[in-house]
Amino acid sequence: MKIEVKDISKTFGNYRALDHISLEVEEGELLALLGPSGCGKTTLLRVIAGLELPDPVPGSGVFFGGENMLNYSVRQRQVGFVFQHYALFRHMTVSQNIAFGLFVRARKIRPSKKSIQGKVHDLLDLIQMESLEHHYPAQLSGGQRQRVALARALAVEPRVLLLDEPFGALDANIRKELRQWLRRLHDEIHVTSVFVTHDQEEALEVADRVVVMDHGRIEQIGTPEEVYHHPANATVCRFIGDINLFHGRISSDGVVVSPSSGAGETEDKLQPLYVRPHGLKLATEEPAHYNFRATVIDVFPARSLVKVALKTEWGATVWAELPHQEYRELDLKPGHTVFVVVEQFKQFDAMSRRD
């Protein structure tokens, strides 16, 4: 089921949560709405579900398979909604929770008891919890409760699946395990899905495409690779992954980095340079060309890349990342002086920045 959102706005009093949002979710796609708190991503999800009504705008709509859903209730839209805090019924077993949406249907459209039992059995197998069907929510781990919540949403065979920060209440290890499981599950069931997250790693790892939002607007839509390696503007660049911000200019023989805008250079010559930690090259002996000196503040080697905190010669803190082999060769220690070369950077024109 394809989802189309066309020119949707939503205001709460004087606050505009959504500002003329338009996007398409292809049939069978897993789309992530990503952005900082207050950017409008959950409001957009709730508008798609029918839990919030958008502002009346001529020509706007939320379309499922080409049909405008704005005048349809949540039940009529046939969406599956998974909340951050599970919302399971504590007095019901795992099986009863999963079956709830089927049992409460009107009698004329309610499946037979045998059919419901078969559906529950299939879903228990899908979420790998067959042995826990008679357990109550209090007897389950957080990750297990979230799987049950997902199975309950799938039991009613929704046209689309919507997930609001589905792993936000879980610890880091369980989050990582469940998001990998969700990706595999989606590849099996292929239901059109939209999930909200503020966790960039989660969005980049799980989604087919990512919608980056800020201040009620869409900043960029693209594959995880596109939004990370080719950010559309400074807002996306700052939000996706770690970033160092310098001010400088591009000369014929390389990058000239200045301490801050206006320091020793005219304002029109200096511009923001966005540099990811792996875009900085470190040397302990002075090379023929380098951009600035820095002092090592601290080193964090317990990760796939060694992270190094540096204090620049003008007093700012920046971060570099380098492979373990390079770190061992440099033998970096706090207090060491290093020479820093800016090897990779991003620039954005003034019209693309929302500072």
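Heavy-atom basis, side chains included; hydrogens, waters and symmetry copies ignored.
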Looking at every heavy atom in both [X] and [Y], which two are closest together, and how far apart are they?
X	Y	value
Tyr274	Cys237	CB-SG, 3.7 Å
Ser9	His20	OG-N, 2.9 Å
Val275	Gln344	CG1-O, 3.3 Å
His186	Ser193	CD2-OG, 3.5 Å
Val236	Val227	CG1-O, 3.9 Å
Leu310	Ala320	CD1-CB, 4.2 Å

Less than 4.5 Å apart, any side-chain heavy atom of [X] and any of [Y]?
X	Y	answer
Lys346	His230	yes
Leu124	Leu132	no
Val212	Thr235	no
Arg179	Thr197	no
Ser141	Ile174	no
Val82	Phe195	no
Leu305	Leu322	no

#### Entry: Ile3 and Leu31: CA distance, side-chain angles, deciding distance, side chain to side chain contact (heavy atoms under 4.5 Å, CB included) verdict
CA-CA 11 Å; Ile3 304 172; Leu31 186 85; over 6 Å; no
Are the charged groups of [X] and [Y] less than 4.0 angstrom apart, N to O?
X	Y	value
Asp208	Arg183	yes
Arg209	Glu29	yes
Glu205	Arg175	no

Mind listing the side-chain donor-acceptor pairs of residues 62-71 below 3.5 Å, one per line with the distance, residues two or more places apart or on another chain?
| unit_1 | atom_1 | unit_2 | atom_2 | d |
| --- | --- | --- | --- | --- |
| Glu67 | OE2 | Tyr72 | OH | 2.4 |
| Asn68 | OD1 | Val62 | N | 3.3 |
| Asn68 | OD1 | Leu70 | N | 3.1 |

### Query
Can you name the residues that form a ring pair (Phe, Tyr, Trp, His ring centres under 6.0 Å) with Phe81, not counting sequence neighbours?
Phe83
### Task
Write out all pairs satisfying salt bridge (charged side-chain N to carboxylate O under 4.0 Å, His left out) with one or both partners inside residues 72-85, taking only residues at least two apart or from two chains.
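The answer is none; no pair qualifies.
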#### Entry: Verdict with reasoning, Leu273 to Gln347, per side chain to side chain contact (heavy atoms under 4.5 Å, CB included)
CA-CA 5 Å; Leu273 306 177; Gln347 289 179 279; 3.6 Å; yes
### Message
I need the single residue from Asp7, Ile8, Val5 that forms a side chain to side chain contact (heavy atoms under 4.5 Å, CB included) with Pro54. Which is it?
### Response
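Among Asp7, Ile8, Val5, the one that satisfies the side chain to side chain contact (heavy atoms under 4.5 Å, CB included) with Pro54 is Ile8.
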#### Entry: Test applied, side chain to side chain contact (heavy atoms under 4.5 Å, CB included); reference residue, Gln144; option that passes from Met129, Gln139, His135
Met129
Without placing hydrogens or testing angles, list every side-chain donor-acceptor pair under 3.5 Å for residues 32-45, not counting sequence neighbours.
| unit_1 | atom_1 | unit_2 | atom_2 | d |
| --- | --- | --- | --- | --- |
| Lys41 | NZ | Gly35 | O | 2.9 |
| Lys41 | NZ | Pro36 | O | 3.1 |
| Thr42 | OG1 | Asp164 | OD1 | 3.1 |

Just to verify, what does [X] make a side chain to side chain contact (heavy atoms under 4.5 Å, CB included) with, not counting sequence neighbours?
X	value
Thr93	Ser95, Gln96, Tyr136
His324	Pro301, Val306, Arg328
Glu313	Phe292, Arg293
Leu126	Leu123, Leu154, Leu185, Glu188, Ile189

### Task
Taking salt bridge (Lys or Arg N to Asp or Glu O under 4.0 Å) as the test, write out the residues that go with Arg16, two or more places apart.
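Counting only residues at least two positions away or on another chain, Arg16 forms a salt bridge (Lys or Arg N to Asp or Glu O under 4.0 Å) with Asp19.
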### Query
Of all residues at least two apart in sequence or in a different chain, which pass the salt bridge (Lys or Arg N to Asp or Glu O under 4.0 Å) check with Lys333?
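Salt bridge (Lys or Arg N to Asp or Glu O under 4.0 Å) list for Lys333, sorted by chain: Asp331.
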Could you list the donor-acceptor pairs under 3.5 angstrom formed between side-chain atoms of residues 98-111 and any protein atom two or more places apart in sequence or on another chain?
| unit_1 | atom_1 | unit_2 | atom_2 | d |
| --- | --- | --- | --- | --- |
| Arg105 | NH2 | Val156 | O | 3.2 |
| Arg110 | NE | Phe103 | O | 3.2 |
| Arg110 | NE | Arg105 | O | 3.2 |
| Arg110 | NH2 | Arg105 | O | 3.2 |

### Query
Linking Ile, Leu, Val, Met, Phe, Trp and Tyr through side-chain heavy atoms less than 4.5 Å apart, which residues share a cluster with Phe339?
Tyr290, Val341
### Message
Closer than 3.5 angstrom, by distance alone: can the side chain of Thr312 be matched with the main-chain N or O of Ala294 as a donor-acceptor pair?
### Response
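No, because the side chain of Thr312 does not come within donor-acceptor range (under 3.5 Å) of the backbone of Ala294.
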